Amino acid sequence: MQILIVNKFLHPNGGAETYIFKLGDYLKSCGHEVQYFGMEHKSRCVGNAVNSYTSDMDFHEGSKISKVTYPVRTIYSAEARKKIRIVLDDFQPNVVHLNNFNYQLTPSVILEIIEWRKQNRKKCKIIFTAHDYQLICPNHMLNNPNTHQNCEKCLGGHFINCVKGSCIHGSKAKSLIGTIEAYFWKWRTVYKYIDTIICCSEFMKSKMESNPLFAKKSVTLHNFVDRVEQKTIAKKDYILYFGRFSKEKGIYTLIKACKELPNIQFVFAGTGPLECEINSIPNIMNTGFLNGAALESLIREARFSVYPSEWYENCPFSVMESQMHGTPVLGADIGGIPELIEVGRTGELYESGNAAELKKKIEKLWTDKELTDQYSRNCNDINFDDIEVYGEKLMRIYMGK
């Protein structure tokens, strides 16, 4: 099978890129041909046989002239249509697997795939993995960055609320562009051509289905995680948070609980805008950003980890990775987080944003070492999908089964 993976970034940039690289490698290992289409970039590490990519669009460091043209190019891209057509003609894919494409590539690529199919009488499925809420919310997050409140006003196609709330970077101008983009592609009904929308949580699926067009197209496939060797490691006396230090991640709420529990040691691993606040609290040790073996050891040795997010998380790898390494999770009951924790077996939940309940749950788990040890042992029985299981499910989608 020939599979074209489309993503605006073709270099390491975030979770979506980790997904497409690992998925592509797995598909190749199964004997499929895989190529990629997206933007050119100095750090691009995957590509296509004809080296056809769109020019890099850097919204922060682009030239003055390029920034003037960005508003139009983020809505519709003739360049993306032209460049992907070159790849389609050469590669002749059976499946085009879309990932993050809005703003830089734009849904223009879908129009060109449809045109190519029609002109060449080709059967080529269009699959889309939703890494965020872009198709139903112009700012991707269902969260107003100005009020830091979760927001569903745009659901049902009421995108004008993005302008009213200045939801994109707090800017009326940028929000207007995002709103125009959303209404334009709603008018063009371009998303009707997507055969299947893969959602990484049931929660995301429920939100996507607020658009009747997506209701019969959406399926849930939780993210895959790497299998790890189960080890029995002595736990140390600390509670771990690892991830971004920002308000939507619930850091202010967690900090408040930490301050009221001065006799408990917390370890934070990450970076972000709230780093100064974290560093000022005596019972929090900030290790900074860690990865690889150093982060793995920190996760394995924690009594339990806390995931206090206050925005609609989809399928956070941190929650999955913690349990895969034998460490229970105390998570906020928001978004897709509850789908990943077996309450009373591998962790517990608390009301997102409720500092008093978070403190109470932390105290309970901290003082009951026998309970957290049992949760830790139960984590060994978790069966999150690895890339092989995920890939098998994905192939059934590709083949329309």
Side-chain angles (χ1 to χ4, degrees), residues 9 11-18 58-62 100 103 131-134 137-151 162 165-175 178 238-262 265-292 294-295 298-299 302 305-319 321-322 329-332 334-337 350-355 358-359 362:
F9 300 121
H11 62 275
N13 188 67
E17 289 68 49
T18 300
D58 189 328
F59 295 131
H60 303 289
E61 298 180 1
N100 286 343
Y103 297 141
H131 297 277
D132 56 32
Y133 302 101
Q134 171 64 46
C137 170
N139 89 336
H140 300 211
M141 292 183 65
L142 290 177
N143 181 282
N144 187 311
N146 305 298
T147 63
H148 299 287
Q149 297 294 316
N150 293 320
C151 171
C162 179
S166 300
C167 293
I168 299 179
H169 302 303
S171 164
K172 285 285 186 188
K174 292 179 181 179
S175 299
Y238 64 86
I239 298 168
L240 175 66
Y241 169 81
F242 61 106
R244 181 166 170 76
F245 302 159
S246 55
K247 191 176 190 306
E248 76 275 4
K249 292 292 187 180
I251 296 302
Y252 276 132
T253 302
L254 180 54
I255 286 175
K256 183 176 181 180
C258 293
K259 287 180 178 178
E260 295 179 7
L261 297 167
Q265 178 66 59
F266 294 85
V267 175
F268 282 37
T271 59
L274 301 184
E275 193 161 354
C276 289
E277 287 90 336
I278 289 167
N279 292 337
S280 68
I281 301 171
N283 61 324
I284 297 179
M285 181 179 76
N286 177 14
T287 67
F289 176 79
L290 295 176
N291 58 16
L295 179 60
L298 197 67
I299 297 171
S305 66
V306 181
Y307 202 81
S309 197
E310 292 174 12
W311 80 285
Y312 291 149
E313 292 278 0
N314 297 317
C315 184
F317 283 109
S318 296
V319 174
E321 289 169 347
S322 185
V329 180
L330 172 57
I334 195 169
I337 296 173
Y350 74 96
E351 182 185 11
S352 178
N354 187 331
L358 174 58
K359 175 190 173 186
I362 289 174

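No experiment lies behind these values; they were computed from the predicted model shown. Only heavy atoms go into these numbers, but all of them, side chains included; no hydrogens, no water, no symmetry mates.
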message: I'd like to know whether Ile239 forms a side chain to side chain contact (heavy atoms under 4.5 Å, CB included) with Leu330, so could you lay out the CA-CA distance, the side-chain angles of the two residues, the decisive distance to 0.1 Å, and finally the verdict.
response: CA-CA 10 Å; Ile239 298 168; Leu330 172 57; over 6 Å; no
- prompt: Stepwise, does the side chain to side chain contact (heavy atoms under 4.5 Å, CB included) test hold for Phe245 with Asn286?
  reply: CA-CA 11 Å; Phe245 302 159; Asn286 177 14; 3.7 Å; yes
Please give me the minimum heavy-atom distance between [X] and [Y], naming the atom from each residue.
| X | Y | answer |
| --- | --- | --- |
| Pro138 | Gly178 | CB-O, 3.9 Å |
| Ile362 | Ala257 | CD1-CB, 4.3 Å |
| Pro316 | Asn314 | CD-C, 3.7 Å |
| Leu295 | Ala269 | CD1-CB, 4.5 Å |
| Ile337 | Ser309 | CD1-CB, 4.1 Å |
| Ser175 | Cys167 | OG-N, 3.1 Å |

For a 4.5 angstrom cut-off between non-hydrogen side-chain atoms, does [X] reach [Y]?
| X | Y | value |
| --- | --- | --- |
| Ile334 | Trp311 | no |
| Asn100 | Phe9 | no |
| Met285 | Tyr238 | no |
| Asn144 | Asn139 | no |
| Phe242 | Leu298 | no |
| Ser318 | Tyr241 | no |
| Pro308 | Thr253 | no |
| Pro273 | Arg244 | yes |

query: What is the ring orientation for His140 with Tyr103, classed by angle as parallel under 30°, tilted 30 to 60°, or perpendicular over 60°?
result: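 It falls in the parallel class, under 30°.
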query: Would Tyr307 and Glu313 count as having a side-chain donor-acceptor pair, cut-off 3.5 Å?
result: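 The answer is yes; a qualifying pair exists.
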Any donor-acceptor pair under 3.5 Å linking the side chain of [X] with the backbone of [Y]?
| X | Y | value |
| --- | --- | --- |
| Ser352 | Ala332 | no |
| Asn150 | Glu310 | yes |
| Thr18 | Gly14 | yes |
| Asn283 | Leu261 | yes |
| Ser280 | Glu277 | yes |

field: Within 6.0 Å of NZ in Lys172, more than 12 heavy atoms from elsewhere
entry: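 Buried by this count: over 12 neighbours within 6.0 Å.
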- request: Inspect the surroundings of NZ in Lys247 and state if more than 12 heavy atoms from other residues, nucleotides or ligands are less than 6.0 Å away.
  value: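 Enclosed: over 12 neighbouring heavy atoms sit under 6.0 Å from NZ of Lys247.
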Going from [atom1] on [X] to [atom2] on [Y], what distance comes out if it is rounded to the nearest 0.5 angstrom?
| X | Y | atom1 | atom2 | value |
| --- | --- | --- | --- | --- |
| Ile255 | Ile278 | CD1 | CD1 | 5.0 Å |
| Ile284 | Cys258 | CD1 | SG | 4.0 Å |
| Thr287 | Leu240 | OG1 | CG | 8.0 Å |
| Asn143 | Cys151 | CG | SG | 8.0 Å |
| Lys249 | Leu254 | NZ | CG | 13.0 Å |

- prompt: Stepwise, does the side chain to side chain contact (heavy atoms under 4.5 Å, CB included) test hold for Cys162 with Ile168?
  reply: CA-CA 7 Å; Cys162 179; Ile168 299 179; 3.9 Å; yes
